[in-house]
Colleague: 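Here you go, one structure.
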Amino acid sequence: MNNRPIGVFDSGIGGLTVLKEVVEQLPGEDIVYFGDTARIPYGTRSKETVIKYFFQSVRFLMSKNIKLIVVACNTASALAMEEAQKVFDIPIIGVIEPGSKAAVATTKNSTIGVIGTEGTINSGTYQRKIRRMLPSAEIIGIACPLFVPIVEEGWENSDVAYITAQKYLLELKEHNIDSLVLGCTHYPALRYTINKVFENKVTLVNPAYETAKATKIMLKELNLLSDKLDGGKADFFVSDDPEKFKRIGGNILRKEIASVQKVNIENL
Ligand code: DGL
């Protein structure tokens, strides 16, 4: 048993989709969430920069006496997690492994689509993980950079979202994928629109949900589960304006975020 908090990291607000799943599946755990809102997006940055930003964020979270880090950000999971696991002496769990496992378990025709930021798709991390588990798989990765601003604008169910999704997802349709990994924190919000494009014929894999499940298993294995069954609390930290985080974050969580603290992590 261990009542220290879990650290949840994201480049910004989107990681709240992962936090939401963690809270649902592990209601007794306290959480410290850090969103690097001053430096979002990570999805267009180089591997070196993402590693630097992520390491600073890990150092900040570790200063909060956490017991494990959940990397909600797909881009950081794809580009910086392996490096971090070599450097930091704390269990770190990312979204890519659980998301890949679920895709492999879901597909029937071994044809899997992965969508994410440019950084995530170009890194080939999802593609490699899936292929390791299912060598015969055909995997088609597509970067969908406009999805993040569409979701942050609150337009996920709009015509703009639908037309954009039709364009991005056309190649996946032509390949006849039967499962699709929503490989970016924001994309679960586009579920309705994406399902419409695929006429509900493709199974959507949500790494946020799978990661919360994997976190529970890992905490159990490491004997780190909290002894509380519910009543866990969450503290929120960001590197830029807390008000914007409160507003958009409140929409994602569908409840008010009472307090968000701004921190400076540049020198960590
Ligand atoms: N959180 C990022 C991800 O899941 C999306 C936003 C960004 O580009 O930083 O990849």
Side-chain angles (χ1 to χ4, degrees), residues 7-22 33-58 61 69-82 84 92-100 102-103 113-127 129 141-156 161 164 168 180-191 194 204-212 236-241 244-245 248-249 251-253 265:
V8 177
F9 165 76
D10 184 44
S11 56
I13 289 165
L16 292 175
T17 55
V18 177
L19 176 132
K20 199 170 161 188
E21 296 291 349
V22 172
Y33 182 97
F34 175 66
D36 196 3
T37 49
R39 304 189 293 194
I40 193 175
Y42 279 27
T44 49
R45 297 189 194 274
S46 69
K47 182 170 174 157
E48 291 68 37
T49 303
V50 172
I51 288 176
K52 178 178 153 199
Y53 290 175
F54 179 55
F55 277 27
Q56 289 175 323
S57 307
V58 171
L61 284 170
I69 295 180
V70 178
V71 189
C73 179
N74 286 255
T75 308
S77 297
L79 294 175
M81 213 185 88
E82 259 178 45
I92 304 179
I93 182 164
V95 284
I96 308 249
E97 176 97 21
S100 302
V114 181
I115 52 175
T117 65
E118 283 167 286
T120 300
I121 298 305
N122 294 342
S123 75
T125 311
Y126 266 116
Q127 294 91 320
K129 286 256 171 192
I142 305 279
C144 307
L146 291 177
F147 279 173
V148 167
I150 285 175
V151 170
E152 296 212 349
E153 205 59 39
W155 290 357
E156 57 269 22
T164 310
Y168 279 143
L180 175 65
V181 180
L182 305 177
C184 173
T185 44
H186 292 59
Y187 297 2
L190 286 155
R191 184 179 276 279
I194 294 172
L204 305 185
V205 174
N206 180 1
Y209 171 80
E210 304 299 334
T211 301
F236 297 94
F237 297 88
V238 292
S239 51
D240 203 1
D241 181 20
K244 186 175 175 203
F245 182 89
I248 303 180
N251 284 346
I252 295 179
L253 291 182
I265 64 158

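One-based numbering, in listed order, for ligands and for the atoms of each. Note that this is a predicted model, so its numbers are computed, not measured.
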Colleague: If you measure from each non-hydrogen atom of Thr185 to ligand 1, which part falls under 4.0 Å: side chain, backbone, both or neither?
Modeller: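 It is both parts that get close, each with some atom under 4.0 Å.
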Colleague: Would a distance-only check, ignoring hydrogens and angles, find a side-chain to backbone donor-acceptor pair under 3.5 Å from Arg45 to Arg39?
Modeller: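 Yes, the answer is positive, given that a donor and an acceptor are paired below the 3.5 Å cut-off.
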Colleague: Is atom NZ of Lys20 surrounded by more than 12 heavy atoms (other residues, nucleotides or ligands) closer than 6.0 Å?
Modeller: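 Yes - once you tally the heavy atoms of other residues, nucleotides and ligands closer than 6.0 Å, there are more than 12.
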Colleague: Could you tell me, atom by atom, which parts of ligand 1 come under 4.0 Å of a heavy atom of Asp10?
Modeller: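 That gives atoms 1 (N) of ligand 1.
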Colleague: Regarding ligand 1, does Asn74 bring an N or O atom to under 3.5 Å of one of the ligand's N or O atoms?
Modeller: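 Checking ligand 1 against Asn74, an N or O pair does fall under 3.5 Å apart.
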Colleague: What protein heavy atom sits nearest atom 6 (C) of ligand 1, and how far away is it?
Modeller: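 In this structure, atom 6 (C) of ligand 1 has Ser11 OG, 3.7 Å as its nearest protein heavy atom.
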Colleague: State yes or no: are the ring centers of Phe54 and Tyr42 separated by less than 6.0 Å?
Modeller: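 Phe54 vs Tyr42: aromatic centres not under 6.0 Å.
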Colleague: May I ask you to test the Val114-Lys129 pair for a side-chain heavy-atom distance under 4.5 Å?
Modeller: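 Counting from C-beta outward, Val114 and Lys129 never come under 4.5 Å.
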Colleague: Within the structure provided, determine whether Val95 and Tyr126 are in side-chain contact (heavy-atom separation under 4.5 Å).
Modeller: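 They are in side-chain contact.
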Colleague: Does the N or O separation between Gly183 and ligand 1 drop below 3.5 Å for any pair?
Modeller: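 Between Gly183 and ligand 1 (N or O atoms, distance only) the closest approach is not under 3.5 Å.
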Colleague: What protein heavy atom lies closest to atom 8 (O) of ligand 1? Include the residue and the distance to one decimal.
Modeller: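 Ranked first by proximity to atom 8 (O) of ligand 1 is Gly43 N, 2.9 Å.
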Colleague: Does any N or O of ligand 1 fall below 3.5 Å from an N or O anywhere on Thr44, backbone included?
Modeller: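 Such a contact does not occur with ligand 1.
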Colleague: Tell me whether Tyr209 at atom OH has more than 12 heavy atoms from other residues, nucleotides or ligands lying less than 6.0 Å away.
Modeller: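 Open: at most 12 neighbouring heavy atoms sit under 6.0 Å from OH of Tyr209.
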Colleague: Give the residue and atom name of whichever protein heavy atom lies nearest to atom 5 (C) of ligand 1, and the separation in Å to one decimal.
Modeller: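 Here the closest protein heavy atom is Cys184 SG, 3.6 Å.
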Colleague: With respect to Cys73, which candidate in Asp10, Asp36, Thr120 satisfies the side chain to side chain contact (heavy atoms under 4.5 Å, CB included) definition?
Modeller: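 Of all the options given, the one that passes is Asp10.
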Colleague: For atom 10 (O) of ligand 1, what's the nearest protein heavy atom and its distance?
Modeller: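 The protein heavy atom lying closest is Thr75 OG1, 2.6 Å.
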